[in-house]
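Each chain gets a letter, A, B and so on, in the order the sequences are listed, and its residues count up from 1.
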Number of protein chains: 2
Amino acid sequence: MFSIEQLQAFVATVEAGSFSAAARGLSKAQSVISQHIINLEIDCNATLFERTGRYPQLTEAGKQLLPQAKAVLNQHQRLTNSALALNEKTPTEITIALDEGIPFKTIASIISKLQSKYPYVSLEFLSASSHDIIDMLNSEKLITGIIFSELNIPSYLDYECIGTVKFDLYVAKSHPLAGIRCENMDGLRLHRQLLLRSRNTQTSSFQLKISPEIWYADNYFVLLELAIQGNGWCLLPNHVALDAVQSGELVKLPLEFEEMGWLANVDVLQHQRHSNQKVFKALRSVLRGLL
Amino acid sequence: MFSIEQLQAFVATVEAGSFSAAARGLSKAQSVISQHIINLEIDCNATLFERTGRYPQLTEAGKQLLPQAKAVLNQHQRLTNSALALNEKTPTEITIALDEGIPFKTIASIISKLQSKYPYVSLEFLSASSHDIIDMLNSEKLITGIIFSELNIPSYLDYECIGTVKFDLYVAKSHPLAGIRCENMDGLRLHRQLLLRSRNTQTSSFQLKISPEIWYADNYFVLLELAIQGNGWCLLPNHVALDAVQSGELVKLPLEFEEMGWLANVDVLQHQRHSNQKVFKALRSVLRGLL
DNA sequence: TAAACATATCGCTTTTCCCGATACTAAGTA
DNA sequence: TACTTAGTATCGGGAAAAGCGATATGTTTA
C-alpha cells in the first residue's frame with residue numbers, strides 16, 4: 001500500500017534533485033527518504049531512480065509513475081483544504097479582484113443578485129494585474145479573482161471560465177495607420193506600439209511585442225489615452241475603446257491580413273480552501289452571467 | 001495528515017452503513033475503524049457521523065468531505081494500477097471487443113496501421129453486448145472494448161469518445177407505416193416494435209420501449225431481418241440498414257414530428273492498469289480515426 | 001588527493017497500528 | 001419487561017513501523 005509519505009518523498013526527490021535535498025525540504029532525516037524510496041521500489045517491483053551518479057536520475061518506470069503520484073498528492077491537498085474549510089463560517093465581507101481590462105460596468109448587477117441571497121455579506125472590488133491577483137489568492141488576502149486565462153494557474157486554485165472579452169487593434173483617427181490597409185505585420189512594425197506592462201514587469205502572455213519601438217503603460221486607460229493622442233497603435237479590450245470609437249477619436253485598425261484581434265477567456269479563480277462554500281458557489285454562478 | 005487507511009475506513013463506513021460492517025468489509029477489527037474515524041474527526045475538527053441511533057449517519061461536514069475522500073482513493077487506485085502496469089510487457093495478442101451495432105467494416109484499417117508499429121502483435125476481434133464487455137474488462141479477460149456510451153462506467157476503466165454512429169427508425173417498404181406520415185409517437189405505438197435485448201436481459205439506455213407490443217432479438221442483424229420481413233418497426237444503426245435500404249426492402253420511417261434517430265457516442269474503454277502502455281495508446285490513437 | 005556532497009545500512013528509541021476484551025447503547029422481539 | 005442482536009467507545013498490551021543519528025561507502029569537483 002502506497003502511503004502519502006512515500007509519495008511525498010518520491011515527488012520531493014524528483015523536484016529537489018536528490019534524496020538529501022528532499023529530506024531537507026521535508027524536514028526529515030536523509031535515511032527516511034532513502035527508506036521511503038526503497039519501499040516504494042519494492043512495492044512497485046521496479047527501480048525508480050538510477051543511482052550511478054551523484055544525483056539520482058528518474059528511470060523510465062519512475063517517469064511513468066510520477067504524474068500519478070503527483071495526482072494523488074494534489075487530490076490529497078484538495079481534501080486537506082476542504083477539511084480546513086469545514087471550520088469556516090460564511091464571511092461577512094467578500095473581496096473580488098478584477099484584472100484591469102475586464103469590464104466592470106455590469107458588475108453592479110452582481111451585487112443585487114448576490115445580496116438577495118446573502119444580505120449580510122458586503123462586497124469590495126479592487127483592480128490589479130493577473131499576477132498580483134494570483135499572489136493575493138495564494139496568500140489568502142483575497143478569495144475571488146477574475147483574470148484573463150493564464151496558462152499557469154497553481155494547482156491549489158480552482159478556476160472556471162465565465163466568458164470572453166474581445167480585443168482589437170486600435171489607433172487614433174489622425175494616425176497614419178488609420179488611412180492605409182496593412183497587408184502584413186511589417187506595416188505595424190513601422191509604428192510605435194503601446195503595450196500593457198504591470199508593476200511587477202511581467203507582461204502577460206497575450207501582450208506580445210511586435211514593433212521595435214514600444215511605450216508601456218500599466219493600465220488600459222492610460223494606453224487608451226496615449227492611443228487617442230496619436231502616440232501609436234495598441235491592442236485594447238473593445239469595451240475600453242468603445243467611447244473613443246463612437247466619438248470618432250479612435251478607429252479599429254484596417255487590416256488586410258489575418259484578424260489580429262481575438263477573444264480572451266476570462267476566468268474566475270478561487271482558493272480550493274474556499275471554493276466549496278455555498279456563498280462562493282453562488283458568487284460563481286452569478287458571475288457566469290456577467291459577460 | 002490524512003492517511004489512506006483513514007479515508008478507506010471513512011468511505012467504507014458510508015458505503016457499508018456502519019463501522020462494524022466497514023470493518024468486516026476491510027477485514028479489520030471494529031475498533032480500528034472506530035479509531036480511524038475518530039482520528040479523522042480530530043484532524044478535521046468536525047464530527048463526520050451522527051451517532052445517536054444504531055447506525056451512524058453522515059453529518060453535513062461528512063457529506064462535504066466524502067467526495068474529496070473518494071477522489072483521493074480513486075487516484076490512489078489509479079496509481080496502484082499504474083504501478084502494476086510497470087511490470088507488464090507488451091502483449092503478443094490484443095483482443096478487441098465490439099458492441100454489436102458498431103460498424104466493423106472499417107476495422108480492417110486498424111490492422112495495417114497498428115501492425116506497422118507493432119508487427120509482432122496479433123489482433124483478435126469479438127462481438128458482445130456493452131454489459132458483457134464491461135464485465136470482461138473488469139475481470140481482465142479483455143483489455144480494449146468499444147461500446148456505445150453508457151452512463152455508468154466503473155471508475156477503474158478509462159474511456160474516451162472516438163466518434164458517433166447514427167441511428168434511425170426503419171420499417172419494411174411493404175409495412176403499413178411506410179406509407180403514412182406519423183404525426184406523433186402514438187402512430188408508432190399502433191405497430192409492433194423490434195428491440196434489442198442482450199443475453200443478460202438488461203436493455204441499454206437508448207433501447208427504449210415505445211410500443212406495447214415488442215419482439216426482442218439479441219443482435220442487430222436478426223432485428224434487421226425481422227424488419228425486412230415486415231414484422232415491425234425498429235431502431236437500427238444506419239450502416240446495418242444501408243444494404244437493405246439501397247435494395248429497396250427497407251425504408252427510413254417518414255416522420256412528421258421530431259427527428260427520432262440520433263447520434264450514439266462510441267467510446268473505447270480500457271482498464272486503467274493497461275491504458276498507459278504504449279501499444280494501447282497507439283491503438284486508441286488509431287481507433288480515433290475509425291468512425 | 002582532499003573536500004563536499006551523495007546514498008545505504010544498522011541499531012536504537014519512539015510512535016503508531018492493530019487486535020481482543022469489555023462496558024455500554026440502541027433497536028427489535030417474545 | 002426482559003432478552004437478543006447489532007452497534008460504538010475505550011483500554012491494555014504486543015507487534016510493526018517510522019524516524020533518527022552514526023557510520024561506511026561512493027561520486028564529483030577543485
Side-chain angles (χ1 to χ4, degrees), chain A residues 1-59 61-63 65-66 69 72-73 76 80 83, chain B residues 1-59 61-63 65-66 69 72-73 76 80 83:
Chain A
M1 169 90 90
F2 303 103
S3 75
I4 298 294
E5 286 81 4
Q6 283 173 355
L7 300 179
Q8 282 177 335
F10 175 50
V11 172
T13 299
V14 173
E15 286 174 356
S18 76
F19 294 180
S20 305
R24 287 190 294 272
L26 295 173
S27 306
K28 302 258 161 86
Q30 171 265 323
S31 60
V32 173
I33 306 299
S34 182
Q35 246 341 109
H36 274 320
I37 302 292
I38 288 170
N39 289 337
L40 210 53
E41 290 178 322
I42 291 170
D43 287 354
C44 295
N45 188 32
T47 306
L48 299 177
F49 292 99
E50 195 63 54
R51 288 140 162 113
T52 51
R54 188 203 294 231
Y55 296 100
Q57 299 289 319
L58 264 186
T59 60
K63 281 179 195 160
L65 219 59
L66 182 61
V72 174
L73 292 181
H76 190 261
T80 306
Chain B
M1 170 89 90
F2 303 102
S3 74
I4 298 296
E5 285 82 4
Q6 284 174 353
L7 300 179
Q8 283 178 336
F10 176 50
V11 173
T13 299
V14 174
E15 286 173 355
S18 77
F19 296 179
S20 306
R24 288 190 293 274
L26 296 174
S27 306
K28 301 262 161 82
Q30 172 264 324
S31 60
V32 173
I33 305 300
S34 182
Q35 252 331 116
H36 274 320
I37 302 291
I38 288 170
N39 290 336
L40 210 52
E41 289 179 321
I42 291 170
D43 288 353
C44 294
N45 189 32
T47 307
L48 299 177
F49 291 99
E50 194 63 53
R51 287 136 162 117
T52 52
R54 186 198 301 229
Y55 297 100
Q57 298 290 320
L58 263 186
T59 60
K63 281 178 195 160
L65 218 60
L66 181 60
V72 175
L73 293 181
H76 190 261
T80 306

To the closest 0.5 Å, what do you measure between [atom1] ([X]) and [atom2] ([Y])?
X: A:His36; Y: A:Leu7; atom1: NE2; atom2: CG; result: 9.5 Å
X: A:Asn39; Y: A:Ser34; atom1: CG; atom2: OG; result: 9.5 Å
X: B:Phe19; Y: B:Ile37; atom1: CZ; atom2: CD1; result: 5.0 Å
X: A:Ile42; Y: A:Thr47; atom1: CD1; atom2: OG1; result: 10.5 Å
X: A:Phe10; Y: A:Leu65; atom1: CZ; atom2: CG; result: 5.5 Å
X: A:Glu5; Y: B:Ile4; atom1: CD; atom2: CD1; result: 9.5 Å

Separation of atom [atom1] in [X] from atom [atom2] in [N], rounded to whole Å:
X: A:Arg54; N: C:dA6; atom1: CZ; atom2: P; result: 7 Å
X: A:Asp43; N: D:dA17; atom1: CG; atom2: C1'; result: 14 Å
X: B:Leu26; N: C:dC18; atom1: CG; atom2: C1'; result: 13 Å
X: B:Ile33; N: C:dC18; atom1: CD1; atom2: P; result: 9 Å
X: A:Gln57; N: C:dT7; atom1: CD; atom2: P; result: 11 Å
X: B:Ile37; N: D:dT8; atom1: CD1; atom2: P; result: 10 Å
X: B:Met1; N: C:dT16; atom1: CE; atom2: P; result: 13 Å

Q. Side chains of A:Gln57 and A:Phe49: does their closest heavy-atom pair fall under 4.5 Å?
A. no

Q | Residues forming a side-chain hydrogen bond (donor to acceptor under 3.5 Å, both in side chains) with A:Asn45, sequence neighbours excluded | A | B:Asn87

Q: Sequence neighbours left out, what passes side-chain hydrogen bond (donor to acceptor under 3.5 Å, both in side chains) with A:Gln30? Give chain and number order.
A: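 Result, side-chain hydrogen bond (donor to acceptor under 3.5 Å, both in side chains) vs A:Gln30: none returned.
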
Q. In residues 11-24 of chain A, what residues come within less than 4.0 Å of DNA chain C, judged by heavy atoms?
A. A:Ser18, A:Phe19, A:Ser20, A:Arg24

Q | For DNA chain C, the residues among residues 44-52 of chain B that have a non-hydrogen atom under 4.0 Å from it | A | B:Thr52

Q) Can you name the closest pair of heavy atoms from A:Asp43 and A:Met1 and give their distance? A)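 Minimum heavy-atom contact is OD2-O, 4.0 Å.
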
**Q.** B:Pro56 to B:Gly17 - nearest heavy-atom pair and separation
**A.**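 Closest heavy-atom pair between B:Pro56 and B:Gly17: CD-O, 3.6 Å.
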
Q. Considering the terminal five base pairs at each end of the helix from C:dT1-D:dA30 to C:dA30-D:dT1, what angle separates the two local helix axes, rounded to 10°?
A.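 So the angle between the two local helix axes works out to 20°.
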
Taking N or O atoms only and anything under 3.5 Å, show me the protein contacts with nucleotides 18-20 of chain D, one pair per line.
residue, atom, partner, partner atom, Å
D:dG19, OP2, A:His36, NE2, 3.2
D:dC20, OP2, A:Ala29, N, 2.8

Q: Keeping the roles fixed (side chain from A:Gln6, backbone from A:Ser3), state whether a donor-acceptor pair exists under 3.5 Å.
A: yes

Q: Could you pick out which residue, B:Ser34 or A:Tyr55, lies toward the 5' side of DNA chain D when each is mapped onto its nearest nucleotide?
A: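 Checking each residue's closest nucleotide, the 5'-ward one belongs to B:Ser34.
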
Q.
Please determine whether a side-chain nitrogen of the Lys or Arg among B:Glu41 and B:Arg51 lies less than 4.0 Å from a carboxylate oxygen of the Asp or Glu.
A. yes

